[in-house]
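For the single chain, residues carry numbers from 1 onward in sequence order.
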Amino acid sequence: MDKLKEKINSLKLDSEKWQEKSEELSDRIKELEQENLEKDNQIQALTRKNQVLEEEVEKLESNLGEVKQTADESHSLKTSNENYTKKNQVLEEELEEADKNLKETTAKLRETDIKAEQLERKVASLENEKEEAEKKYEDLTEQYNKVKAELDEISQQLEAI
């Protein structure tokens with residue numbers, strides 16, 4: 001009789017432990033989903049920023065082409081040529097800076113994609129763990145019910161004696 005009580009208590013403790021583990025895993029999944037959503041938002045923001053920078057690069061390249069053409073046409077005027085040369089240098093520096101920013105943004109986007117993939121794999125892994133924990137919980141609940149039924153049966157038999 002004491003062994004059955006110990007076994008029931010042990011099963012109750014195991015059941016509670018698995019229930020806590022299931023709750024912890026559910027909370028962790030929610031956290032990971034929130035992180036994943038935040039990462040998706042970051043990716044979207046970086047993608048938009050990348051598009052804006054690409055448009056800016058196109059504008060700067062267009063402006064640079066116009067400046068070079070104007071410099072060639074106004075070669076005879078030295079003062080105009082100096083002004084256009086200065087303007088050209090500024091645009092090239094801006095283009096280099098924009099190109100540098102574009103490369104950095106692209107690198108960050110790649111890193112974010114990699115992190116998102118890792119998080120997706122982690123979420124899948126945690127979901128599998130959750131399913132396993134739920135299955136174990138169901139098995140333990142079933143065992144608990146069987147043991148409870150046995151205990152009830154034994155109690156009835158003892159009362160009958």
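Separating the CD atom in Q42 from the NZ atom in K49 is a distance of 12.0 Å, to the nearest 0.5 Å. Interatomic distance, T105 OG1 to R48 CZ, rounded to the nearest 0.5 Å: 13.0 Å. The distance from atom CG of L4 to atom OG of S10, rounded to the nearest 0.5 Å, is 12.0 Å. Separating the CD atom in E120 from the NZ atom in K122 is a distance of 14.0 Å, to the nearest 0.5 Å. Between the CD atom of E111 and the CG atom of L46 there is a distance of 10.0 Å, given to the nearest 0.5 Å. Considering CD of E54 and NZ of K59, their distance stands at 13.0 Å, rounded to 0.5 Å.
Every salt bridge (Lys or Arg N to Asp or Glu O under 4.0 Å) that E142 has, sequence neighbours left out, goes to K146. Not counting sequence neighbours, E131 has no partner by the side chain to side chain donor-acceptor pair (under 3.5 Å) test. Under the side chain to side chain donor-acceptor pair (under 3.5 Å) criterion, R110 pairs with no residue, sequence neighbours left out. Q19 meets the side chain to side chain donor-acceptor pair (under 3.5 Å) test with E23; sequence neighbours excluded. Remark: E92 engages no residue in a side chain to side chain donor-acceptor pair (under 3.5 Å) (not counting sequence neighbours).
Side chain of T47 to backbone of I43: a donor-acceptor contact under 3.5 angstrom is found. Although no hydrogens or angles enter the test, the distance criterion places a donor-acceptor pair under 3.5 Å between the side chain of T141 and the main chain of Y137. Judged by distance alone, the side chain of S15 and the main-chain N or O of L11 form no donor-acceptor pair under 3.5 Å.
L37 and L109 are members of different hydrophobic clusters when ILVMFWY side chains are connected at heavy-atom separations under 4.5 Å. A continuous path of Ile, Leu, Val, Met, Phe, Trp and Tyr side chains, each step under 4.5 Å between heavy atoms, connects L25 with L119, placing both in one hydrophobic cluster. In the hydrophobic clustering of ILVMFWY residues, with side-chain heavy atoms under 4.5 Å counting as a link, L60 and V67 come out together. If you chain together hydrophobic residues whose side chains sit under 4.5 Å apart, I154 and Y144 fall into the same group. L91 and L102 sit in two unconnected hydrophobic clusters of ILVMFWY residues. Membership requires side-chain heavy atoms under 4.5 Å apart, directly or through other members.
Nearest heavy-atom pair across I8 and L151 is CD1-CD2, 3.1 Å. The minimum heavy-atom distance linking K39 with T112 is given by the pair O-CG2, 4.0 Å. Here the closest non-hydrogen pair linking T106 and N50 is OG1-OD1, 4.2 Å.
Its side chain outside the 4.5 Å cluster rule for every partner, I114 clusters with none of the Ile, Leu, Val, Met, Phe, Trp and Tyr residues.
Ion pairing between a basic and an acidic side chain is recognised when a charged N comes within 4.0 Å of a carboxylate O; D152 and K148 show no such pairing. Ionic pairing of R28 and E31 is present here: one or more N-O contacts between side-chain nitrogen and carboxylate oxygen are shorter than 4.0 angstrom.
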